[in-house]
Each structure stands twice: as C-alpha cells, then as structure tokens.
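Structure record follows, encoded as structure tokens.
Below, chains carry the letters A, B, ... as their sequence lines are ordered, and counting in each starts from 1. In this text the structure is predicted, and so the values were computed from the model without any measurement.
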Amino acid sequence: MPRSHAPQEISSRETGLRSAGERLAAAEPARAAEILAARINGTIRDLAAPVAPEDEVAPVRPGDPEGLEILRHSSAHLLAQALKELYPGTRLGVGPAIEDGFYYDVETPVPLSDEDLPKIEERMRAIARAALPVRREELTRAQAESLMNERGETYKLEILRELPEDAVISVYRQGDFVDLCRGPHVPDTGRLKVFRLTKLAGAYWRGDNRRAMLTRIYGTAWAREEDLEAYLTRLAEAEKRDHRRLGRLMDLFHLQEEAPGMVFWHERGWVLYRLVEDYVRGRLSEHGYAEVHTPMLLDRSLWERSGHAEKFATQMFVTGSENREFAVKPMNCPAHVQIFNQGLRSYRELPLRLAEFGVCHRNEPSGTLHGLLRVRSFVQDDAHIFCTPEQIEPEVGAFIDLLFSVYRDFGFEDITIKLSTRPEARVGDDRLWDRAEQALAGVLERKGLGYDLQPGEGAFYGPKIEFSLRDCLGRVWQCGTMQLDFFLPARLGASYVTEKGEKETPVMLHRAILGSLERFIGVLLEHYAGVLPLWLAPTQAAVLTITSRQDAYARSVVARLEAAGLRTFADLRNEKIGLKIRERTLERIPYLLVVGGQEESSGSVSVRTHDGRNLGVLTLDNVIDVLTREARPRTPQNDGAAGGREHRL
RNA sequence: GCCGGAGUAGCUCAGCCGGUAGAGCAACUGAUUCGUAAUCAGUAGGUCGGCAGUUCGAGUCUGCCCUCCGGCACCA
C-alpha cells in the first residue's frame, strides 16, 4: 500500500479511526493498489478519509464511472501543476472532469500554442512518475483566502468569495502544488497513467464574454490504455461521418469563401433537400396546417413594430432602395401576423396554423459557422399557430406527437428536451406565465417525456420547449422548438372576435420540428454516415454494365425503374465492374444493379446492396416491387386514413 | 465576435536555414469489353487564400484582411 495512504491532516490517529483506504486494503490486500477512492455510506471520499467501525465502505476503482471521474479530475490537477511549474505566474481558473476527459482554464504569462502541449504533457508524466501523495486539507475561509492570496490565485479567490457561508473549504496538495478543490482525488499522482492532452482553446472566465479570456487546455484520461485507443478510434470514426466530408464525397453541396454560411446545393443534395421538405409538407398538411409564402425583404418599419430592429439588429442583413431601408427576414413570424391581420378573424377560425418554408437570413457571428449545422441562410419547417389560451395545451400536445412521429420516421430516437421558463425581464402578467409554463410542463409529463428544466432561460415573450439531436461528435444541436408568444400578436395588432363579440389578442405558438432543413440534413447525414434510408437516398439504384454490349439493356432498365418512380441512372463507362462497384459504393448508393449478358438474356438484374450483400439475380418486376416498397417513407400515419385538415377556412 | 491552429493541383497531403513547386488519387488521351470495393500506359494541370512590406530573390520572414478547423460566448 502506497505510503500516501497514511492519513495526515484529517488524522485517524487522533480520532482513533482507521482511514477508508486502510480498511479497504485490509479487506482485499491483493487489489488494494488499484483502489482510487472510497464510497463511505454512499458518498465518494478520499482514501485518507476516516471511517468509523459502523460505516459502510466500498472501493472505487478506475473502471467505475466515479473512479474514472476522479482520474480525470486528478488529471486536471496534474495539468495545472505542470503549468505552474513550466510557466511560473500562471493563474488557475477552473479544472473539472468532463465527458471523456478534463480541462483546465488558466491564465499564463506567455501565450500557449499547440506546440507547447507535448512539453506540458511530458512534465505531467514526470510528476505522475514521482507518485506525489495527494493530500486534502480543510481550512477556514480566512486561511484559504490568505493561501490563495499569497499564491496570486485571483480567480480562485473569486470562487472562494462566492462559496456559501456554511461551505466546507478544502484544498488539495501534491508536492508544492496546491489547489482550492472539493475533491475527491486519487491518493497519489502515480495513479495517473493513461492520459493525453488533446487541444487548446480560449474560454471566457465564468463563461462571460465581457470578462477575461483564459486558455483552456483539454485532455482525455482513461482507466486503461486500450480505452484510450478505443476513444481515439471513436474520434477517427466520427471524422468519417462528418457531414462536410460526406457532402463532398456524395456530391451533395459545397460552401465557399464568397458566401460564408450559405450553402450551394448540388443536384443530388437538392434532391435530398426536396425529399425532406416534401415529406414535412405532407405531414403538416395532414395535421391541419395551411402553407403560405411571404416576402424575404420587409421595410424597416415593420421590424421596428415587431421589436426585431431593437432586439435582433446585429443579426439582420439590411439593404435599401430609393431611400427606403429593408431588412432580409431572419424569421417568418412578423409576416405571418400580417396574413393573420388581413380581414376580421373569428374565434371560429382558431387555431389557425400557418406554415412556411421561407428562406431566412441571420448574420451569425463568424466564429459560429459550421458546415450545414450553423449557417447564415436557411429554411425552417416553420409554422405559427394562432390560438386562444385554452387551445395552447391541445396544440402543444398535438405538436409533440407530430414531432416524435416525424423524428421516428427519420430514424432518430435520441432526443433531448429542455423546458425554458420565465426570465427576469419579460412581458405579460404572471398568471399568463403560470398557465403557459404549466401547460408545457404538463404536456411533457403526461406524455412521460423526461426533460431538463432551464429556469429563466425562456424568451422574454414566453416559455419554450426545445428538442435537440446529436451530431457525430456528440455535440447537441437544437432542431425542434415550441415557443409560446404573448407579445408579438399584440405588438403587431392581431386580434380575433370572441364568441361574445369582443376583440381578443390571440396567443401565437412558434414551432418547428426539423428546425432548419440545412441543420437537420447535416445531422441526418452524420446519423446515417451518409447511408440514407432508401426513401431519402438521392440515387436509389445504379445500373452497372459489365460491357458496352449491355448499354441498351441498361438504359431500358433505367427507364423501367424511373417509370416506377425510382431515382436511378446507368453507369455505362468503359470500366471494370469492380471499379464501378467501388465508386458507387463510396457514393453511398443503396442498390447496385449489375447487368451482363446473362441478365440481359433473362430480363433480370444482379442485385448488390450497399453493405456488400449479393441478393442474386432477380427479375426486373421483382426488383421494382422490392425497391418501391422499401422506398416508401416509414409513416404509420400515411396509410390513407389521414383526413387531417381541420381548420375551417 | 474572442482564443488557438490552418489555407500549396479537383481531393488528400509533402515542400529543410529564403534560391523560382512535388507525390498519390481524380481529370484528359490511348489501349483494354472485363462478373461484384481500384486494368495498364501516356499527357496536362498551380497568381502557393488576398493585399502590402522586408530582401538581389518570398510558398517560406513581417503586417493587415478573408475563409476554414477546434473551442468559448451567442444561437435554429
């Protein structure tokens, strides 16, 4: 057992108690060396923590989730110590364990770059090899402050000052290094073996862009070497799914300097885009939405009335003509209110659901642009529902059902939900907010959907639910949304006549399922690694000839497939079948139909799937039957029963 | 926008201490008519992201700008 296990500051000698480490080591001497920490009556503590005879103590090992987290957190300390040694004067921010690793935010006297990482990592390994004991000390606030003050840790002092009155204040020491930290940590730095520094980034102190930008160093740490290897392999695999790479490979779209954040859709990509759009168009129509289309440019005065000129100004592209100022629409809602405002509306017309696939532009900060996932020009599957307060709940419920059914059709199951409630600055009285928040939460709960509550994160005009999907690197992107709006309709003068003949302002629900089509298609591509389900594949089947003698037959096959509504073409190049298969496979074409002399004479094709299965020689009728059946979108609602358009216009 | 990195042929990338640009694949031409993931040979292809500057000389050094990549903040 490493000598570091002998408890020091929190002395078991004084209390007459043994340390958790000692007890665990005694219980299982053979495996003592791998124990990182102890679970004492359910709480994870250092091995040096004292235990009473009646305490329940269980070991925490590197393979446990809690053990891994400790490894990562201690690795962050190791990083900080290396930085303090290499760059005296370095100030520490925060250094937590995160998914797959850890980071530390620091302020260094000299700027760091990627090239410094190997040197820092080397120092970390040296400190780890020294197997320095890691010791916890509990201090009074005054002691902690003077310690941090004397070490010039201004950021730590700030954290210290904000700790609650009754907080236990602890520091951890290893060698000359000391860090304000709650712990727990590994018993000695020798436990830290499998780690690697990965990247360098800037990060605002406390996540506040008005404050200093610190240097964030990211690392990854694991229990075993093979876990690290697996992690690196996972990253490499993720890179292969990158939608930007697939977009080029599959000839779907491109981006170029002259149009940052705006997509050039190529023929195949646009086929996919239209398939997605038409699918949603169909679903919305089933569910009683009316599609409209409104101008892309609107006079500044409208944006002033809507409040966008004030709230959204920096994100709007503007242009002018004959002394008039126009803004390119960043969203469709004000225009939809204009449609609502034509003529006198009756409560009988509500809920009125107006949908639009309108092109919107937002001047996003340059640093945020990211392939299809964050663009400046995009189309949302946008709609606004004008309704009465009583209709909020059923509308939200119907929307969520529709959303999940759409996500299911596209093959998404991993969906995260966030509910954002009233912010400090808001419009509308609290009774309305109570009702709206309860309606949203109630619908989610009744449907048994788990969600993260984000208090205070709602829009100033209403609470919202956000639905997010993940990209290949696990980054979460918001797609669907349901936002209640008590503000805009009134602001733009929308009203309807109630049953009693009085004028009332409608509630407006902003909602989207896919969010932007661009983003959704990006996530979709990564989700399937480009191997799209047949109904979405831009090209569903390619007809590959063995020799030029089959050219005419191949053309006739294409004609038959096209007549059956399939997307296909013939590859008549004078190339070997192996090359054609390779290239068309890399393009992610789901079915390859090989035709040679035998198939021609029997009116058939030899069918090969994208994943390399050879289905053998099938007749053309058979193939058309199989493919057209598979090419139908997966929509249980689509079986003809949909009678949906409910609005009474 | 901020921090760090990068931008060389269509793609992936090499190019040392400053001396006038290179590979593989793709393209093109020719040959090959071939049975389930790369047929062979030849040819051509570059304002080295842009603009200034230093220098006898800049892909290489300096400055400014643009774009992209990874984060942060923001956000569909």
(message) Base of B:rC72, side chain of A:R216 - is there a donor-acceptor contact under 3.5 Å?
(response) no
(message) OP1 or OP2 of B:rG70 versus the side-chain N and O atoms of A:H370: is any pair under 4.0 Å?
(response) yes
(message) Both distances below 3.5 Å, Watson-Crick or wobble geometry, any strand: find the nucleotide opposite B:rG59.
(response) none
(request) Give a yes-or-no answer on whether the side chains of A:Y231 and A:R196 include a donor-acceptor pair shorter than 3.5 Å. (result) no
(message) Please give the distance between the P atoms of B:rG19 and B:rC13 as a whole number of Å.
(response) 24 Å
(request) Take the protein atom CG of A:L255 and the nucleotide atom P of B:rC11, then report the distance between them rounded to whole Å. (result) 13 Å
(request) For B:rA6 versus B:rC64, give the span between their P atoms, rounded off to a whole number of Å. (result) 16 Å
(request) Using Watson-Crick or G-U wobble geometry with both distances below 3.5 Å, tell me the partner of B:rC34, or none. (result) none
(message) Can you measure A:L197 atom CG to B:rG4 atom P for me and round it to whole angstrom units?
(response) 18 Å
(message) Any N or O donor-acceptor pair under 3.5 Å from the base of B:rA76 to the side chain of A:R376?
(response) no
(message) Need the pair for B:rA41. Rule: Watson-Crick or G-U wobble, both distances under 3.5 Å, any strand; none if unpaired.
(response) B:rU29
(message) When the C1' atoms of B:rA14 and B:rG30 are compared, how many Å lie between them, rounded to an integer?
(response) 31 Å
(message) Can you identify which nucleotide, out of B:rG70, B:rC68, B:rG4, has its nearest atom closest to the A:S113 side chain?
(response) B:rG4
(message) Taking donor-acceptor contacts at under 3.5 Å, does the side chain of A:Y204 reach the base of B:rG71?
(response) no
(message) In whole Å, measure the gap between the P atoms of B:rA9 and B:rG22 for me.
(response) 14 Å
(message) Let me spell it out: for each of A:E583 and A:S548, pick the nucleotide of RNA chain B with the closest heavy atom. Which residue's pick is nearer the 5' end?
(response) A:E583
(message) Between B:rA21 and B:rG49, how far apart are the two P atoms, rounded to whole Å?
(response) 15 Å
(request) Give the ring-plane orientation class for A:H361 versus A:F317, where under 30° counts as parallel, over 60° as perpendicular and anything between as tilted. (result) perpendicular
(request) Give me the ring orientation class for A:Y273 and A:W270: parallel if the planes are under 30° apart, tilted from 30 to 60°, perpendicular past 60°. (result) parallel
(message) Using only atom types and a distance under 3.5 Å, with no angle test, would you say the side chain of A:Y553 pairs donor to acceptor with the backbone of A:S601?
(response) no
(message) Please report the distance, rounded to the nearest Å, between CZ in A:R248 and C1' in B:rC11.
(response) 7 Å
(request) Return the value, rounded to whole Å, for the distance between atom CE of A:M262 and atom C1' of B:rC66. (result) 14 Å
(message) Is it true that A:Y461 and A:Q483 share a donor-acceptor pair across their side chains at a distance under 3.5 Å?
(response) yes
(request) Provide the distance between the two C1' atoms, one in B:rG45 and one in B:rU8, to the nearest whole Å. (result) 14 Å
(request) From the options B:rA73, B:rA76, B:rG4, select the nucleotide whose nearest atom is closest to the side chain of A:V375. (result) B:rA76
(request) Remember a base hit wins even if backbone is also touched, and classify A:Q315 as base, sugar-phosphate or nothing at under 4.0 Å, heavy atoms. (result) nothing
(request) Could you tell me whether A:E364 contacts a base, only the sugar-phosphate backbone, or nothing, with contacts defined as non-hydrogen atoms closer than 4.0 Å? (result) base
(message) Can you tell me if A:Q478 touches the phosphate of B:rC75, counting only side-chain N or O atoms and a distance under 4.0 Å to OP1 or OP2?
(response) no
(request) Please tell me if the side chains of A:W265 and A:E518 come closer than 4.5 Å, counting only heavy atoms from C-beta onward. (result) yes
(request) For B:rC17, decide between syn and anti, treating a glycosidic angle within 90° of 0 as syn. (result) syn
